[in-house]
Amino acid sequence: MIEIPKAYEPQSVESKWYEFWDQNGCFTADPARVSDARPAYSIVIPPPNVTGVLTLGHVLNNTIQDILARKARMDGKEVLWLPGTDHAGIATQNVVEKTLKKAGEIKHRDDLGREALVARIWEWKEKYGGIILKQLRALGASCDWTRTRFTMDPEYSRCVQKVFVDLYKKGLIYRGKRMVNWCPGSLTALSDEEVTMKEQKGFMYYFRVEVVELVAQPASAVDPAGGGGLSTDPGEGACATSQTLAIKPTGIFLTIATTRPETIPADTAVAVNPKDPRYQHLIGKHVIKALPLDVPKELRVIPIIADEHVDFEFGTGVLKVTPAHDKADYEIGLRHKLPVIDVLTPDGKMTAEAGADLAGLDRFVARKKSAELLEAAGALEKAEPYTNNVGFSERADVPIEPRLSEQWFLKYPSVEASKACVVSGTGSTGAPPVADRALAVGAGAAQADGASVVGARAGVEGGAPGTAPGAGAVPGADAMRFYPDRWAKVYDHWMGGIQDWCISRQLWWGHRIPVWTLPLHVSGNEVAQQLRDYFKEWGIPSEYVFIEVIQSKPDCGDTIRFLTSSDEADAASAKLNSFFQFGKFDASLHEGFPTAHAKDLARAIMDGPAAHQATQDPDVLDTWFSSWLWPFATMGWTGDKSQDSKNPTLQAFYPTTDLVTGPDIIFFWVARMIMAGYEWMGDLPFRNVYFTGIIRDKQGRKMSKSLGNSPDPLDLISQYGADALRFGVMRAAPLGQDVLFDEQTVELGRNFCNKLWNACRFRQMQGGAGLVAQPPSAELVVGQTPSSASVQQAPRPVDPENGTAGGACATTSTGDDVCGEIDPTLLTSDDKWILLRLDQAIREVTQAFADYKFSDATATLYRFFWSEYCDWYVEASKAAFYGTDDTLKANKLAVIDFVLGHLLRVFHPFLPFITEELWHSMGFSKEMPESQGGKTIMFAAWPKPFTDEEKSYFQLDDAADTIAQAKYDLVVLARALKRDCNIDPAKRVKFVVRPAGPMPAAEVEVLRILLSAESLDVVGSDWQPEKGTPMKANALGELYLPLTGLIDFAAERVRLTKELEKIASEIEKVQSKLANPNFAQKVPAKVLEEHQLRLADWQAKEGQIQAALASLPE
RNA sequence: GGGUGGUUGGCGCAGCGGUAGCGCAGCAGUCUUACACACUGUUGGUCGGGGGUUCGAAUCCCUCACCACCCACCA
């Protein structure tokens, strides 16, 4: 006999079952099993950073995914939950660089060099990377670990390269010199999305400049504005021609407001609004820049220009134009052909061009310094405290610098198709959110043209929300839903104003841009053609390599640009690779290399300076440029249509069903995945997107290391158990709202598990010991019960003590010799009540799933299990268990088993470990066929609510429900009565009941047990209580608490009067409503009736109380 | 500046047109033979302010206030 411990101890249970699931391949998805009867369900994990460790955010996110996956398995779907990690360029490189620096191995990344550093990062990744995936196991995540992917897996890299070449060929990727967000901390360009605005306190500096006129010398008619003196190219030096201009002071001063005085040396104009009457007359004149002071005035002359961009309300209405260091200014510079002076180094220090006073200083030090310089020169008018928004690098947390640099940009593909493809997801009435799909639509089969998608949207807006928008359309091409749907607006807004994406990063860790350039001294076209022939000879298909001749500077020869999605496994590509690494050209002159051609080529290329070698672009791609392919690149996508159409995984599981992620990456990731999905798969990447909230502490603050308010989930798991953490977090996480995390909620989860544990223990004790050890009975297979599926699903645990008094095997009157069969004729009102509650709970939880309202589901589970099952049903069942009627006991056990068997299954997605443990130790697993719960509860069928047939089979009518409910109500009233009469709650007292209708002895006993009464006498209408006996009454009858000689009449009078007052006020409320002539006239009949009933109800109570009051002796 | 979400008892939330509910916490009892990680009972709210629609409003509309987040090149 196995004794269940008094308290649930999760630790050993959790590791045991996780190992069991894992080793038995329970998480493994097999596309071959997908069929009409077994639809596919898929989720791809939002890949955590490979450097990541588990946070509460991950717990929230992955618990939801796990719940969805487990529910889908119980629904009989073939489930793929695909895990993996992201290489996370900047973050990972930073981590490893820091580690190396800390260890004193390097001072700077250059100490190692590119190849060595990347090798070290790989080393680090192999050793420490993906810890988080291991941690997810502790949480119970049912990921298909056999399919774990990394965004820098060779196959994945090939996808990235392929996509790059594809986009390039489509003309969507281009290289250009643009203003980008430059991170002086990480020394790389960033996308707009990686910049977060922060309010910063600083100063608005007002400084004066003198307006001058320039008198051109006849000798040199140079335009001072565009003059070489202010040339962009420092190598060409200051333009001496300016010196020949005479400066004529005007005595007029302009005051300029700026927050960045350190950029004054980089100003190349001063702008005013052309409509600004204050300054119109100055347009075309010049000013002398205030800085740098060590440059002669003549060299600091900049023009006053007119530009609409200038807001004359702001500051002084005069804008200093710094094309090198401000996006808007750069635009102005372009419009007015202004020169660009860069005074900042990549790491944010002032260059020599900023003047001797500032050169070498950090930009923020220089800001103060330049203010001082202005002040010293008498140019500073004032400095006012000022708060403005400054863009920060999300990763490095330093202010970014707008910086002109040469980068790769992407014009987003499939934008039109991706726009407005999201429909409202609120209504639960619509198509099932968890889309059932038979064989998934593969690439090419689906048509997601913009028109049909937009049409779907229009239909919804046209007043038919919730109707399946894609109905009639190509399967798989219907729209996507966001939960909560308000994010669709955010998505639409972003899609509407979409800007080209800067995809190159000046880092070493990542997907290196698959572009090589080869400067030539000969005709590019000729060489290009030669090369194409060459590749042809090698057998390299043209789609693998793209060759073009690009424009070069006039004094140089042509440059050839190659793009290739190289495949190292491919012999031809190996040649290609070695070819591009031109330094190794000679080494490649071995067998198979067409020597003649090679020589020609070598001559063509190498007949020049050594610098003229093919070099690969040094930059890597933005991490998101690989993650946006995640839904299909993880499934073995190749981009080759015929190959992909034969890929069972892709065919079965793409598009994925649900995506669970945070709204903070809606642009970074979600939107881009949608575009990528349309572009390369011809279909959206997922049907539903669930946006989690953000985890905050109980004061509503974001979790952060510095605040120390972010508990380690693993600590919580070891302290409370994974189920407890899951349940706690889900309870606290309503759809669409941030989660205020309090450890207390995990404690509550633990208590809940413990309660569940003990509820099962109670069942074990009633049935005797040894449930576990009992072999399964052959005849206990599903399919023998009367009507229906759900009854058939009801597991009936093997009774331990076949034949004993406590056993469930007492033959029931149905005539079946099935153990634990519920005999409907023996069901008490309590039994029927709990079955109805169970039914209701199953309905609610199932609906909550359909709506993605997991906190609703947990609330229902909590209520049903704790408040209804434990507090009432189990307590009531003790009447039978303490009694002597074995038939009744057996039937009671059958009901309990039925309820627990369903309960465990409904709980399983939320509490996978404890439910699995109990499923087995209670013997439920022995009841079920191997594939439907016999082996693991994971594949047991999700409980269904009762059908009408089943309800009538069990005679689950409202009457029984009402009786049980009234019984419990009366118990509550009686307990309160005991308190009101100042009776020690522990004292067992005698009650007397006068039932309003017939009341079987068993019911009376239940009532007695619930009241924990010493006795409960049933009396008839002829019985008269002693005057003033405290009484409570409801529809069930009147309950007296005879207190011979103990009644405090005065106290009782007070109590009753108080009660009467309350009732009177309720009556008054209803009456006044009914008295309103408008009310009776306008109100629906149902409401009117309901009010009248309520009134009658209160009045009846009033009568009872009044009678009691009247019976009190004077 | 624009947008979104929120404002219901001490805390966290539900209710979204017809008797203001739940869970924690609090308070008072109880080691009642599943569970003190429990049980029983119980105190707290004119639903942010104002206006409107309605027989009736926490619930719909308008407006204001505050909080949070997102977007936006105001130097």
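Residue numbers begin at 1 in each chain, while the letters A, B, ... track the order of the sequences. Side-chain atoms are counted along with the backbone in the values below, which use heavy atoms only and exclude waters and symmetry mates.
- Across all strands shown, A:P484 has no heavy atoms under 4.0 Å from either base or sugar-phosphate atoms.
- For B:rC73, the OP1/OP2 oxygens have no side-chain nitrogen or oxygen of A:Y330 closer than 4.0 Å.
- Remark: the separation of the C1' atoms in B:rU19 and B:rG51 is 27 Å, to the nearest Å.
- Comparing atom distances between the A:M765 side chain and each of B:rC70, B:rA34, B:rA25 picks out B:rA34 as nearest.
- Residue A:L740 is in sugar-phosphate contact alone, with no base atom involved, counting any heavy-atom pair closer than 4.0 Å across all strands shown.
- Few gaps surround CD on A:E384; more than 12 heavy atoms of other groups in view lie less than 6.0 Å from it.
- Salt bridge status for A:E308 with A:K275: present, with a side-chain N to carboxylate O gap under 4.0 Å.
- One finds a side-chain N or O of A:N751 lying less than 4.0 angstrom from the OP1 or OP2 phosphate oxygen of B:rA38.
- The A:E1090 side chain lies nearest to B:rU19 when the options are B:rA72, B:rC69, B:rU19.
- Among B:rC35, B:rC71, B:rC24, the nucleotide with an atom closest to any side-chain atom of A:H493 is B:rC71.
- Distance, A:D329 CG to B:rA75 P: 11 Å, rounded to whole Å.
- We find that CG of A:D738 is positioned 13 Å from P of B:rU7, with the value rounded to whole Å.
- For A:T259, taking side-chain heavy atoms from C-beta onward, the closest of the listed nucleotides B:rC37, B:rU42, B:rA75 is B:rA75.
- Contact annotation: A:K1069 side-chain N/O to B:rA20 OP1/OP2 distance is under 4.0 Å.
- When the C1' atom is compared between B:rA58 and B:rG6, the two are found 14 Å apart, to the nearest whole Å.
- Environment of NZ in A:K990: sparse, with no more than 12 heavy atoms of neighbouring residues, nucleotides or ligands closer than 6.0 Å.
- Between A:F752 and A:F727, the ring planes are parallel. Angles under 30° get that label, and only those over 60° would be called perpendicular.
- Of the candidates B:rC70, B:rC24, B:rA34, the closest approach to any side-chain atom of A:F762 belongs to B:rA34.
- The base of B:rC35 lies close enough to the side chain of A:K755 for a donor and an acceptor atom to sit less than 3.5 Å apart.
- Side-chain contact between A:F864 and A:I834 is present, with heavy atoms from C-beta onward closer than 4.5 Å.
- Side-chain proximity of A:W866 to the nucleotides B:rG41, B:rC39, B:rA25 is greatest for B:rC39.
- One can place CD of A:E747 at 17 Å from P of B:rG23, the figure rounded to the nearest angstrom.
- One donor-acceptor pair, N or O on each side, does fall under 3.5 Å between the base of B:rC73 and the side chain of A:H309.
- Residue contacts shown for A:R731 are limited to sugar-phosphate atoms, with no base heavy atom under 4.0 Å away.
- Scanning atom types as modelled, one donor and one acceptor separated by under 3.5 angstrom connect the side chain of A:E875 and the base of B:rA34.
- Phosphate proximity of B:rA36 to A:K6: present, with a side-chain N or O under 4.0 Å from OP1 or OP2.
- As judged by a 4.0 angstrom heavy-atom cut-off over every strand, A:D856 is placed among residues making no nucleic acid contact.
- The same atom, C1', is picked in B:rC11 and in B:rA25; the two are 7 Å apart, to the nearest Å.
- Between A:Y852 and A:V689, the closest side-chain pair of non-hydrogen atoms is not below 4.5 Å.
- Annotation: B:rC66 and B:rA28 have their C1' atoms spaced 38 Å apart (nearest Å).
- B:rG49 sits 14 Å from B:rG10 when the P atoms are compared, rounded to a whole Å.
- Judged by distance alone with a 3.5 Å cut-off, a donor-acceptor contact links the side chain of A:R750 to the base of B:rC37.
- Look at CD1 on A:I1009: it is 11 Å from C1' on B:rU32, rounded to the nearest Å.
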Subject >> Base-pair map of RNA chain B as dot-bracket, where | denotes pairing with a different strand and pairs are Watson-Crick or G-U under 3.5 Å >> reply: ((((((((.[[[[.)..(..]]]].(((((.......))))).....[[[[[..)....]]]]])))))))....
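- Going from the P atom of B:rC24 to that of B:rC64 covers 40 Å, rounded to whole Å.
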Subject >> Full working for side chain to side chain donor-acceptor pair (under 3.5 Å) between A:D851 and A:Q847 >> reply: CA-CA 6 Å; A:D851 297 339; A:Q847 183 59 49; 3.2 Å; yes
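- For the pair A:A732 and A:K878, both in contact range of RNA chain B, the more 5′-proximal nearest nucleotide belongs to A:A732.
- Computed from coordinates, the A:F668 CZ to B:rC70 P distance equals 11 Å when rounded to whole Å.
- Side-chain proximity of A:R975 to B:rG41, B:rA34, B:rU19: nearest is B:rG41.
- When heavy atoms are screened at a 4.0 angstrom cut-off, A:D311 is found touching base atoms of the nucleic acid.
- Formation of a donor-acceptor pair under 3.5 Å by the A:T322 side chain with backbone atoms of A:A324 is not found in this model.
- For A:Y386, a side-chain nitrogen or oxygen approaches OP1 or OP2 of B:rA75 to under 4.0 Å.
- Residues A:V989 and A:E1014 have side chains not in contact (no heavy-atom distance under 4.5 Å, counting atoms from C-beta outward).
- Atom CG of A:D851 is separated from atom C1' of B:rA14 by 14 Å (rounded to the nearest Å).
- The CD atom of A:E743 sits 18 Å away from the C1' atom of B:rG23 (whole-angstrom rounding).
- A:W494 has no side-chain polar atom (N or O) that falls below the 4.0 Å cut-off from OP1 or OP2 of B:rG2.
- Using cut-offs of 30° and 60° for the angle between ring planes, the A:H1091 and A:F1079 rings count as perpendicular.
- Of the side-chain N and O atoms in A:K489, none sit less than 4.0 angstrom from OP1 or OP2 of B:rC70.
- Residue A:K1073 places no side-chain N or O under 4.0 Å from the OP1 or OP2 atom of B:rG56.
- A:N388 comes within 4.0 angstrom of the backbone, heavy atoms only, and of no base.
- Note that CZ of A:R260 and NZ of A:K320 are 8.0 Å apart. Values are rounded to the nearest 0.5 Å.
- On the C1' atoms, B:rA14 is 14 Å away from B:rG9, given to the nearest whole Å.
- Proximity note for A:V1087 (side chain, C-beta onward) versus B:rA72, B:rG18, B:rA75: the nearest is B:rG18.
- Taking the P atoms as reference points, B:rA20 lies 11 Å from B:rA57, given to the whole Å.
- Base contact: A:R1094 has a heavy atom under 4.0 Å from a base atom.
- Glycosidic conformation, B:rG44: syn, with the torsion inside 90° of 0.
- Within a 6.0 Å radius of NZ in A:K978, more than 12 heavy atoms belonging to other residues, nucleotides or ligands are found.
- Looking at heavy-atom distances under 4.0 Å, A:Y720 makes no contact with the nucleic acid at all.
- Residue A:C753 is out of contact with every strand shown, counting any heavy-atom pair closer than 4.0 Å.
- Nucleotide B:rA34 holds its P atom 18 Å from the CD1 atom of A:I914, rounded to whole Å.
- Two residues, A:V318 and A:V874, neighbour RNA chain B, and the one matched to the more 5' nucleotide by heavy-atom proximity is A:V874.
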